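Inspection log for the structure reproduced underneath, given as C-alpha coordinates.
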Amino acid sequence: MPIKVAVNGYGTIGKRVADAVARQPDLRLVGVSKSRPNYEAEIARSKGYPLFVAGSGTTAAFESAGLNVAGSVSDLVRAADIVIDCAPESVGRENAKLYGSAGVPAVFQGGEKSDVAEVSFSALANFEAARGKKRVRVVSCNTTGLARSVAVLRSGFGVDHWEATLVRRAADPAESERGPINGILPSFKIPSHHGPDVRTIFPDLSITTTALVVPTTLMHVHVNHVRLSKPPASIQAVLERFRATPRFHVFREWEGVDGTPQVMEYARDRATGARADMMENVLWEHGMRLEGPDLYFFQAIHQESIVVPENIDAVRAMLGGRESAAASIEMTDRNLGIPRPGA
Ligand code: NAD
(Lines give C-alpha, C1' and ligand atoms only; values in the text may rest on other atoms or scores of the structure.)
Protein backbone atom coordinates (compact mmCIF):
# COMPACT_ATOMS: atom_id res chain seq x y z
CA MET A 1 0.00 0.00 0.00
CA PRO A 2 1.47 3.39 -0.95
CA ILE A 3 2.03 5.89 1.88
CA LYS A 4 -0.64 8.62 1.74
CA VAL A 5 1.10 12.01 1.74
CA ALA A 6 -0.47 15.47 2.19
CA VAL A 7 1.41 18.63 1.21
CA ASN A 8 0.29 21.54 3.38
CA GLY A 9 1.33 24.77 1.65
CA TYR A 10 1.64 24.81 -2.14
CA GLY A 11 4.18 27.57 -2.78
CA THR A 12 7.78 27.51 -4.03
CA ILE A 13 8.74 24.39 -2.09
CA GLY A 14 5.32 22.75 -1.72
CA LYS A 15 4.52 22.60 -5.42
CA ARG A 16 7.87 20.94 -6.15
CA VAL A 17 7.48 18.50 -3.26
CA ALA A 18 3.94 17.63 -4.44
CA ASP A 19 5.20 16.86 -7.96
CA ALA A 20 7.99 14.76 -6.47
CA VAL A 21 5.57 12.79 -4.28
CA ALA A 22 3.32 12.17 -7.30
CA ARG A 23 6.29 10.60 -9.14
CA GLN A 24 7.14 8.03 -6.43
CA PRO A 25 5.37 4.66 -6.85
CA ASP A 26 5.47 3.94 -3.12
CA LEU A 27 3.82 7.28 -2.20
CA ARG A 28 0.37 8.68 -3.01
CA LEU A 29 -0.41 12.40 -2.99
CA VAL A 30 -3.78 12.85 -1.24
CA GLY A 31 -3.93 16.60 -1.69
CA VAL A 32 -2.30 20.01 -1.43
CA SER A 33 -3.37 23.19 0.32
CA LYS A 34 -3.31 26.87 -0.51
CA SER A 35 -4.53 29.89 1.39
CA ARG A 36 -5.77 31.77 -1.69
CA PRO A 37 -6.59 31.06 -5.32
CA ASN A 38 -3.91 31.98 -7.88
CA TYR A 39 -2.16 30.47 -10.90
CA GLU A 40 -0.50 27.83 -8.71
CA ALA A 41 -3.91 26.64 -7.45
CA GLU A 42 -5.08 26.44 -11.05
CA ILE A 43 -2.03 24.32 -11.96
CA ALA A 44 -2.73 22.02 -8.98
CA ARG A 45 -6.27 21.58 -10.28
CA SER A 46 -5.03 20.87 -13.82
CA LYS A 47 -2.66 18.19 -12.47
CA GLY A 48 -5.55 16.54 -10.65
CA TYR A 49 -4.22 17.29 -7.15
CA PRO A 50 -7.14 17.62 -4.68
CA LEU A 51 -7.06 21.19 -3.35
CA PHE A 52 -7.72 22.09 0.30
CA VAL A 53 -8.06 25.51 1.92
CA ALA A 54 -5.22 26.56 4.23
CA GLY A 55 -4.76 29.25 6.87
CA SER A 56 -6.99 32.31 6.56
CA GLY A 57 -8.31 31.19 3.14
CA THR A 58 -12.01 30.60 2.43
CA THR A 59 -13.83 28.07 0.26
CA ALA A 60 -15.89 30.94 -1.18
CA ALA A 61 -12.76 32.68 -2.52
CA PHE A 62 -11.68 29.51 -4.36
CA GLU A 63 -15.17 28.78 -5.67
CA SER A 64 -15.62 32.30 -6.98
CA ALA A 65 -12.42 31.72 -8.98
CA GLY A 66 -13.97 28.53 -10.37
CA LEU A 67 -11.75 26.20 -8.32
CA ASN A 68 -13.38 23.31 -6.47
CA VAL A 69 -11.98 22.55 -3.05
CA ALA A 70 -12.06 19.19 -1.32
CA GLY A 71 -12.18 20.62 2.21
CA SER A 72 -10.08 22.29 4.87
CA VAL A 73 -6.55 21.46 6.02
CA SER A 74 -8.05 19.44 8.89
CA ASP A 75 -9.76 17.23 6.29
CA LEU A 76 -6.49 16.93 4.37
CA VAL A 77 -4.56 15.91 7.47
CA ARG A 78 -7.18 13.27 8.36
CA ALA A 79 -6.86 11.74 4.89
CA ALA A 80 -3.07 11.32 5.18
CA ASP A 81 -0.54 8.94 6.76
CA ILE A 82 1.95 11.83 6.86
CA VAL A 83 1.99 15.57 6.17
CA ILE A 84 4.81 17.46 4.50
CA ASP A 85 4.44 20.98 5.86
CA CYS A 86 5.54 23.57 3.29
CA ALA A 87 3.82 26.58 4.85
CA PRO A 88 5.63 29.93 5.15
CA GLU A 89 8.42 30.23 7.72
CA SER A 90 7.17 29.91 11.34
CA VAL A 91 3.66 28.88 10.24
CA GLY A 92 4.75 25.23 10.34
CA ARG A 93 5.19 25.53 14.10
CA GLU A 94 1.52 26.60 14.39
CA ASN A 95 0.45 23.78 12.07
CA ALA A 96 2.36 21.29 14.23
CA LYS A 97 -0.40 21.55 16.84
CA LEU A 98 -2.97 20.29 14.32
CA TYR A 99 -0.75 17.37 13.23
CA GLY A 100 -0.10 16.48 16.88
CA SER A 101 -3.77 16.45 17.83
CA ALA A 102 -4.62 14.37 14.74
CA GLY A 103 -1.77 11.96 15.59
CA VAL A 104 -0.30 12.33 12.08
CA PRO A 105 3.50 12.41 11.61
CA ALA A 106 4.93 15.44 9.85
CA VAL A 107 7.96 16.65 7.92
CA PHE A 108 8.81 20.35 8.40
CA GLN A 109 11.01 22.71 6.39
CA GLY A 110 14.13 24.65 7.28
CA GLY A 111 12.26 27.90 7.94
CA GLU A 112 11.15 26.40 11.24
CA LYS A 113 13.41 26.39 14.28
CA SER A 114 15.04 23.01 14.86
CA ASP A 115 13.01 22.24 18.00
CA VAL A 116 9.83 21.92 15.91
CA ALA A 117 11.02 18.35 15.26
CA GLU A 118 12.78 15.47 16.95
CA VAL A 119 15.55 15.47 14.35
CA SER A 120 16.99 17.73 11.64
CA PHE A 121 17.52 15.74 8.46
CA SER A 122 19.82 15.42 5.46
CA ALA A 123 19.57 12.11 3.58
CA LEU A 124 23.29 11.65 2.88
CA ALA A 125 24.22 12.55 6.45
CA ASN A 126 21.72 11.06 8.90
CA PHE A 127 18.94 9.07 7.17
CA GLU A 128 18.84 6.53 10.01
CA ALA A 129 18.21 9.23 12.64
CA ALA A 130 14.75 9.83 11.14
CA ARG A 131 13.78 6.15 11.23
CA GLY A 132 10.37 5.82 12.88
CA LYS A 133 10.28 9.47 14.07
CA LYS A 134 7.00 11.44 14.20
CA ARG A 135 8.44 14.92 13.50
CA VAL A 136 11.40 15.51 11.20
CA ARG A 137 12.75 18.79 9.87
CA VAL A 138 14.43 18.91 6.45
CA VAL A 139 17.05 21.63 6.91
CA SER A 140 17.07 24.76 4.72
CA CYS A 141 18.49 24.97 1.21
CA ASN A 142 21.86 26.35 2.32
CA THR A 143 22.15 23.90 5.20
CA THR A 144 21.19 20.98 2.94
CA GLY A 145 23.94 21.99 0.52
CA LEU A 146 26.51 22.28 3.30
CA ALA A 147 25.40 19.07 5.01
CA ARG A 148 25.75 17.04 1.81
CA SER A 149 29.30 18.30 1.28
CA VAL A 150 30.21 17.79 4.92
CA ALA A 151 28.96 14.19 4.67
CA VAL A 152 31.23 13.54 1.67
CA LEU A 153 34.40 15.18 2.98
CA ARG A 154 34.06 13.99 6.56
CA SER A 155 33.69 10.35 5.60
CA GLY A 156 36.41 10.62 2.95
CA PHE A 157 39.11 12.73 4.56
CA GLY A 158 37.99 13.93 8.00
CA VAL A 159 37.32 17.62 8.69
CA ASP A 160 39.23 19.65 11.28
CA HIS A 161 37.46 22.91 10.51
CA TRP A 162 35.03 24.27 7.91
CA GLU A 163 34.71 27.90 7.00
CA ALA A 164 32.09 29.02 4.50
CA THR A 165 30.94 32.35 3.14
CA LEU A 166 27.43 32.12 1.78
CA VAL A 167 26.51 34.46 -1.07
CA ARG A 168 22.74 34.35 -0.87
CA ARG A 169 20.16 35.15 -3.52
CA ALA A 170 17.94 38.05 -2.48
CA ALA A 171 14.61 36.47 -3.51
CA ASP A 172 13.13 33.57 -5.43
CA PRO A 173 12.43 34.33 -9.13
CA ALA A 174 8.66 34.73 -8.64
CA GLU A 175 8.97 37.01 -5.60
CA SER A 176 8.72 40.28 -7.50
CA GLU A 177 7.35 42.01 -4.40
CA ARG A 178 10.85 41.80 -2.87
CA GLY A 179 12.45 43.94 -5.60
CA PRO A 180 13.84 45.85 -7.32
CA ILE A 181 17.01 45.31 -5.34
CA ASN A 182 20.36 47.01 -5.86
CA GLY A 183 22.90 46.35 -3.19
CA ILE A 184 25.01 43.83 -1.29
CA LEU A 185 23.81 43.31 2.25
CA PRO A 186 26.19 41.70 4.74
CA SER A 187 24.51 39.61 7.44
CA PHE A 188 26.01 41.26 10.51
CA LYS A 189 25.24 38.29 12.70
CA ILE A 190 28.57 36.43 12.84
CA PRO A 191 28.53 33.50 12.60
CA SER A 192 25.44 33.41 10.42
CA HIS A 193 22.74 30.98 11.53
CA HIS A 194 23.84 28.39 8.92
CA GLY A 195 26.84 27.03 10.85
CA PRO A 196 24.79 26.30 14.00
CA ASP A 197 22.12 24.81 11.74
CA VAL A 198 24.65 22.41 10.16
CA ARG A 199 25.54 21.38 13.71
CA THR A 200 21.94 20.21 14.27
CA ILE A 201 23.07 17.37 11.98
CA PHE A 202 26.81 17.17 12.83
CA PRO A 203 26.91 18.29 16.49
CA ASP A 204 30.69 17.97 16.81
CA LEU A 205 31.66 19.69 13.54
CA SER A 206 33.85 22.78 13.85
CA ILE A 207 32.25 25.21 11.39
CA THR A 208 32.01 28.98 10.99
CA THR A 209 29.76 30.61 8.41
CA THR A 210 29.28 34.20 7.32
CA ALA A 211 26.72 35.36 4.79
CA LEU A 212 25.74 38.22 2.52
CA VAL A 213 22.75 38.81 0.29
CA VAL A 214 23.22 39.85 -3.34
CA PRO A 215 20.76 41.03 -6.03
CA THR A 216 20.10 37.76 -7.85
CA THR A 217 17.25 35.27 -7.83
CA LEU A 218 18.89 32.25 -9.46
CA MET A 219 20.95 30.40 -6.84
CA HIS A 220 23.12 30.73 -3.74
CA VAL A 221 26.90 30.26 -3.99
CA HIS A 222 29.08 29.03 -1.11
CA VAL A 223 32.80 29.78 -0.88
CA ASN A 224 34.24 26.95 1.21
CA HIS A 225 37.60 26.60 2.93
CA VAL A 226 37.93 23.21 4.63
CA ARG A 227 40.87 22.01 6.69
CA LEU A 228 41.01 18.25 6.13
CA SER A 229 42.37 15.93 8.82
CA LYS A 230 43.58 13.27 6.39
CA PRO A 231 44.19 15.17 3.14
CA PRO A 232 44.69 13.13 -0.01
CA ALA A 233 47.81 13.50 -2.16
CA SER A 234 45.94 15.27 -4.93
CA ILE A 235 42.70 17.07 -5.70
CA GLN A 236 41.72 14.18 -8.00
CA ALA A 237 40.77 12.07 -4.98
CA VAL A 238 38.44 14.82 -3.75
CA LEU A 239 36.87 15.19 -7.17
CA GLU A 240 36.36 11.43 -7.43
CA ARG A 241 34.56 11.40 -4.07
CA PHE A 242 32.16 14.13 -5.13
CA ARG A 243 31.61 12.52 -8.54
CA ALA A 244 30.85 9.15 -6.97
CA THR A 245 28.19 10.58 -4.63
CA PRO A 246 24.54 11.04 -5.61
CA ARG A 247 23.20 14.62 -5.71
CA PHE A 248 26.47 16.22 -6.79
CA HIS A 249 27.10 17.65 -10.22
CA VAL A 250 30.66 18.68 -11.10
CA PHE A 251 31.14 20.86 -14.17
CA ARG A 252 34.31 20.66 -16.26
CA GLU A 253 36.09 23.76 -17.52
CA TRP A 254 35.40 23.08 -21.23
CA GLU A 255 31.65 23.13 -20.58
CA GLY A 256 31.79 26.91 -20.29
CA VAL A 257 29.61 27.15 -17.20
CA ASP A 258 30.89 30.44 -15.80
CA GLY A 259 28.34 30.80 -13.00
CA THR A 260 24.73 30.46 -11.93
CA PRO A 261 23.15 31.75 -15.19
CA GLN A 262 24.68 28.88 -17.17
CA VAL A 263 23.91 26.37 -14.39
CA MET A 264 20.20 27.18 -14.60
CA GLU A 265 20.33 27.24 -18.41
CA TYR A 266 21.90 23.76 -18.22
CA ALA A 267 19.04 22.65 -15.94
CA ARG A 268 16.47 23.97 -18.40
CA ASP A 269 18.22 22.31 -21.35
CA ARG A 270 18.57 19.04 -19.46
CA ALA A 271 14.94 19.30 -18.22
CA THR A 272 15.42 16.84 -15.39
CA GLY A 273 12.25 15.08 -14.27
CA ALA A 274 9.06 17.06 -14.04
CA ARG A 275 10.78 20.41 -13.67
CA ALA A 276 13.82 22.20 -15.03
CA ASP A 277 15.38 22.30 -11.57
CA MET A 278 18.91 21.61 -10.31
CA MET A 279 18.49 19.43 -7.23
CA GLU A 280 22.20 18.55 -6.99
CA ASN A 281 25.00 20.50 -5.28
CA VAL A 282 26.79 22.16 -8.18
CA LEU A 283 30.60 22.17 -8.12
CA TRP A 284 33.26 23.18 -10.60
CA GLU A 285 36.31 21.00 -11.23
CA HIS A 286 38.34 24.15 -11.96
CA GLY A 287 36.83 25.91 -8.90
CA MET A 288 38.59 23.58 -6.50
CA ARG A 289 42.11 23.71 -5.02
CA LEU A 290 44.02 21.66 -2.49
CA GLU A 291 47.00 23.20 -0.68
CA GLY A 292 48.32 20.73 1.89
CA PRO A 293 45.40 20.11 4.24
CA ASP A 294 43.42 23.11 2.93
CA LEU A 295 40.67 22.49 0.43
CA TYR A 296 38.98 25.43 -1.29
CA PHE A 297 35.87 25.00 -3.41
CA PHE A 298 32.78 26.79 -4.64
CA GLN A 299 29.34 25.24 -4.71
CA ALA A 300 26.07 26.60 -6.07
CA ILE A 301 22.71 25.74 -4.55
CA HIS A 302 19.35 26.00 -6.34
CA GLN A 303 17.35 27.23 -3.39
CA GLU A 304 13.94 26.35 -4.85
CA SER A 305 14.63 22.66 -5.40
CA ILE A 306 17.60 21.26 -3.47
CA VAL A 307 15.46 20.17 -0.50
CA VAL A 308 12.89 18.34 -2.64
CA PRO A 309 14.57 14.89 -2.78
CA GLU A 310 15.37 15.12 0.95
CA ASN A 311 11.65 15.52 1.72
CA ILE A 312 10.90 12.28 -0.11
CA ASP A 313 13.68 10.42 1.71
CA ALA A 314 12.46 11.80 5.05
CA VAL A 315 9.02 10.26 4.43
CA ARG A 316 10.58 6.88 3.61
CA ALA A 317 12.83 6.99 6.67
CA MET A 318 9.85 7.78 8.89
CA LEU A 319 7.17 5.47 7.47
CA GLY A 320 8.67 3.31 4.76
CA GLY A 321 9.87 -0.27 4.87
CA ARG A 322 13.46 -0.95 5.77
CA GLU A 323 15.01 0.71 2.72
CA SER A 324 18.60 1.76 3.35
CA ALA A 325 19.55 5.39 2.84
CA ALA A 326 21.29 4.41 -0.42
CA ALA A 327 18.20 2.53 -1.67
CA SER A 328 15.86 5.41 -0.86
CA ILE A 329 18.15 7.99 -2.45
CA GLU A 330 18.47 5.83 -5.55
CA MET A 331 14.69 5.39 -5.82
CA THR A 332 13.96 9.08 -5.21
CA ASP A 333 16.53 10.25 -7.74
CA ARG A 334 15.49 7.76 -10.42
CA ASN A 335 11.87 8.89 -10.17
CA LEU A 336 12.87 12.56 -10.23
CA GLY A 337 15.26 12.13 -13.14
CA ILE A 338 18.35 13.17 -11.15
CA PRO A 339 21.29 11.51 -12.95
CA ARG A 340 23.12 8.73 -11.11
CA PRO A 341 26.80 9.32 -10.31
CA GLY A 342 28.91 8.56 -13.36
CA ALA A 343 25.90 8.64 -15.72
P1 NAD B 1 5.95 30.23 -0.12
O2 NAD B 1 5.51 31.51 0.48
O3 NAD B 1 6.43 30.22 -1.54
O4 NAD B 1 4.79 29.15 -0.01
C5 NAD B 1 4.04 28.94 1.15
C6 NAD B 1 2.66 28.42 0.80
O7 NAD B 1 1.96 28.14 2.01
C8 NAD B 1 1.80 29.37 -0.01
O9 NAD B 1 1.23 28.66 -1.08
C10 NAD B 1 0.68 29.79 0.96
O11 NAD B 1 -0.55 29.93 0.27
C12 NAD B 1 0.60 28.61 1.88
N13 NAD B 1 0.10 28.94 3.23
C14 NAD B 1 -0.13 30.15 3.77
N15 NAD B 1 -0.61 30.01 5.04
C16 NAD B 1 -0.65 28.70 5.30
C17 NAD B 1 -1.05 27.92 6.42
N18 NAD B 1 -1.50 28.50 7.55
N19 NAD B 1 -0.96 26.57 6.34
C20 NAD B 1 -0.50 25.98 5.22
N21 NAD B 1 -0.12 26.69 4.11
C22 NAD B 1 -0.19 28.02 4.15
O23 NAD B 1 7.09 29.65 0.85
P24 NAD B 1 8.30 28.70 0.46
O25 NAD B 1 9.42 29.52 -0.10
O26 NAD B 1 7.79 27.56 -0.31
O27 NAD B 1 8.79 28.25 1.91
C28 NAD B 1 8.17 27.19 2.60
C29 NAD B 1 9.13 26.66 3.66
O30 NAD B 1 10.28 26.14 2.98
C31 NAD B 1 9.68 27.71 4.64
O32 NAD B 1 9.93 27.07 5.88
C33 NAD B 1 11.00 28.11 4.00
O34 NAD B 1 11.92 28.65 4.92
C35 NAD B 1 11.47 26.77 3.46
N36 NAD B 1 12.42 26.84 2.36
C37 NAD B 1 12.28 27.76 1.37
C38 NAD B 1 13.22 27.81 0.35
C39 NAD B 1 13.13 28.81 -0.76
O40 NAD B 1 14.16 29.15 -1.34
N41 NAD B 1 11.98 29.31 -1.11
C42 NAD B 1 14.27 26.90 0.33
C43 NAD B 1 14.36 25.91 1.33
C44 NAD B 1 13.43 25.90 2.35
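Start at 1 with the first residue, then count along the sequence. The structure displayed is predicted, hence computed values, not measured ones. Computation of the quantities below employed the complete heavy-atom set of this structure, encompassing side-chain atoms and omitting hydrogens, waters and symmetry-equivalent molecules. Whatever order the structure lists them in is the order used to number ligands and atoms, beginning at 1.
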Quick one: hydrophobic cluster around Val83, which other residues, with the 4.5 Å side-chain cut-off, linked directly or via members?
-> Val73, Val77, Leu98, Tyr99, Val104, Phe108, Val116

Quick one: hydrophobic cluster around Ile190, which other residues, with the 4.5 Å side-chain cut-off, linked directly or via members?
->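 Ile190 shares its hydrophobic cluster with no other residue.
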
Sole candidate of Ile207, Thr208, Asn224 that passes side-chain contact (heavy atoms from CB on, under 4.5 Å) when paired with Glu163 | Thr208

Tyr266 ring center within less than 6.0 Å of His249 ring center =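 Yes, the ring centres sit under 6.0 Å apart.
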
Arg148: which of Gln299, Glu310, Glu280 passes side chain to side chain donor-acceptor pair (under 3.5 Å) = Glu310

With sequence neighbours excluded, residues passing ring-ring contact (aromatic ring centres under 6.0 Å, His included) with Tyr296 = His225

Contact residues of ligand 1, where a non-hydrogen atom lies under 4.0 Å away | Asn8, Gly9, Tyr10, Gly11, Thr12, Ile13, Lys34, Ser35, Ala54, Gly55, Cys86, Ala87, Pro88, Glu89, Val91, Asn95, Gln109, Gly111, Cys141, Arg169, Asp172, Gln303

